[in-house]
There are 2 protein chains.
Amino acid sequence: MSKLSFAILGQLMRGSRTGYDLAQEFRDGLSQFWHAKHSQIYPELQKLKDLGQVKVSEVRQSSRPDKKVYNITPAGECALLEWILSPLPDAPVRSELHLRTHSIHLVPKDQAIAFYENELARTEAEREGFEMQLARLEAAFSGIPSSENEAFSTYANLKFGMENRRQVAEWSRWLIASLHA
Amino acid sequence: MSKLSFAILGQLMRGSRTGYDLAQEFRDGLSQFWHAKHSQIYPELQKLKDLGQVKVSEVRQSSRPDKKVYNITPAGECALLEWILSPLPDAPVRSELHLRTHSIHLVPKDQAIAFYENELARTEAEREGFEMQLARLEAAFSGIPSSENEAFSTYANLKFGMENRRQVAEWSRWLIASLHA
DNA sequence: AGAACATATGTCAAAATATACATATACAAA
DNA sequence: TTTGTATATGTATATTTTGACATATGTTCT
């Protein structure tokens, strides 16, 4: 069972989805903490079906191409629940931004400043995105959702994203100021 | 030219290294922002040699196995400098911690709390590691290294690591408190 | 004397991921 | 009418990364 399997099961636990639906979620909101392309998703759904962790029902559509709707099975639920709190392996970090920063003393300062100004703008835009989503969730639930609700999990990750972008932005500003000095 | 190539060139820019040296650096300090195993490094050094971006000299040793010392070439330097400020592609995020958090509402609260208490301890330990390294660098340079110095780049990444772990720890504490409520 | 460990360099197979190829329907815009 | 876009599902190929296998030297500890 790959990590992608659990990513998919986690989504199916929130309701029925097609491979296409999942691909869109991995491209958009979900992409803040996991990412996958449809070329990975379709074969993975097949594997999960063979393992009996999801079941599929084909739905005929007239206005659109037919689709395959996937649901999690009790076996799938069981596997998901076991995985959530199992020991977390320390994931190898690969940040190209910091790989570049590691050699930043080699380049002209003005160009480096422009580079990080650009990164800062991206980071701020992302932070605003998180803040808007958080505000929407808070409005819908009149505050923080209770911890039994799936919206709580979503809230926790959105909050992380917002705080994280804030931290990255602050660091970028420090770096830009240091390069100016 | 893969990202690993640039990771290696960045290290060789700081001085001669063997494949073994690089593997250790990727396992230890460098691993905070890039990671690679020796099984990836040795073939990559071969490719870089074929491209003329590094040169190798074999060193006979009496007290240890012979070794191959790699140096960056002018062509390698040129490729590295071009890469540092080139447009940064947005890297797909894959955080297993947040993938799990996405389903945290499904598990018993007390077990979830224990899980995040454990993560918090790891994060704090990492933060202390960064703080100690930062303190050592500051002591060695009597403050922040100047931005032309390679120690500046190292300092910037250590500072990021420290601030990042602080943010992650704060979020973990918030999450634990929310699960208690 | 034997075991464990750090040094040192490689290869091979499998898994994970990305990029491109491939096809089909329906709707809206130009 | 043709072009583009969203829906919908796949396969094929290449690259990246991991984990296991493989070997050899010298030192230190028991």
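Chain letters run A, B, ... following the sequence lines, proteins first and then strands; every chain starts at 1.
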Show each protein N/O and nucleotides 20-25 of chain D N/O combination with a separation under 3.5 Å, one pair to a line.
none

Report task. Using a strict 4.0 Å threshold on nitrogen-to-oxygen distance, state whether Glu148(A) and Lys109(B) make a salt bridge. Result -> yes
Query raised in the report: How many Å lie between CG on Asp90(A) and P on dT18(D), as a whole number?
Result: 12 Å
Query raised in the report: Can you check whether Arg94(B) has a side-chain N or O nearer than 4.0 Å to OP1 or OP2 of dT17(C)?
Result: yes
Report task. Using heavy atoms and a sub-4.0 Å distance, could you list which residues of residues 2-20 of chain A are near DNA chain D? By number, please. Result -> Thr18(A), Gly19(A), Tyr20(A)
Report task. Give a yes or no on this: more than 12 heavy atoms of other residues, nucleotides or ligands lie within 6.0 Å of atom NZ of Lys55(A). Result -> yes
Query raised in the report: Which residues pass the ring-ring contact (aromatic ring centres under 6.0 Å, His included) test with Phe115(A), sequence neighbours left out?
Result: none
Query raised in the report: Separation of Glu25(A) atom CD from dT7(D) atom P, in whole Å?
Result: 12 Å
**Report entry** Gap between atoms CZ and C1', on Phe26(B) and dT17(D) respectively (whole Å)
**Finding:** 13 Å
Requested in this report: Nearest whole angstrom, please: distance from the C1' of dA6(C) to the CZ of Arg27(B).
Outcome: 10 Å
Query raised in the report: Between dT18(D), dA8(D), dA18(C), which nucleotide has the shortest distance from any of its atoms to the side chain of Pro92(B)?
Result: dA18(C)
Query raised in the report: Taking only residues two or more places apart in sequence or in another chain, which ones pass salt bridge (charged side-chain N to carboxylate O under 4.0 Å, His left out) with Arg173(A)?
Result: Glu124(A)
Query raised in the report: Within the structure shown, what part of the strands sits under 4.0 Å from Gln24(B) by heavy-atom distance: base, sugar-phosphate, or nothing?
Result: sugar-phosphate
Query raised in the report: For His102(A), which residues count as a ring-ring contact (aromatic ring centres under 6.0 Å, His included) partner, sequence neighbours excluded?
Result: Phe33(B)
Report summary line: Between His35(A) and Phe26(A), the two heavy atoms sitting closest are CD2-O, 3.6 Å
Query raised in the report: Please give, in whole Å, the distance from dT9(D) C1' to Asp21(A) CG?
Result: 12 Å
Query - NZ/NE/NH1/NH2 to OD/OE distance under 4.0 Å, Arg122(A) and Glu126(A) - result: no
Requested in this report: Grab the CG-P distance between Asp66(B) and dG10(C) for me, whole Å please.
Outcome: 11 Å
Query raised in the report: Nearest-Å distance, CD (Glu44(A)) to C1' (dT11(D))?
Result: 16 Å
Query raised in the report: Taking only N and O in the side chain of Gln61(A), is any of them less than 4.0 Å away from OP1 or OP2 of dA8(D)?
Result: yes
Query raised in the report: So does Lys37(A) get a side-chain nitrogen or oxygen closer than 4.0 Å to the phosphate oxygens (OP1/OP2) of dT19(C)?
Result: yes
Query raised in the report: Starting at CD of Glu96(B) and ending at P of dT18(D), how long is that distance when rounded to a whole Å?
Result: 14 Å
Report summary line: Tracing side-chain contacts under 4.5 Å among Ile, Leu, Val, Met, Phe, Trp and Tyr outward from Tyr20(A) reaches Tyr42(A)
Query raised in the report: So, Arg100(B) and Glu96(B), do they make that salt bridge, N to O below 4.0 Å?
Result: yes
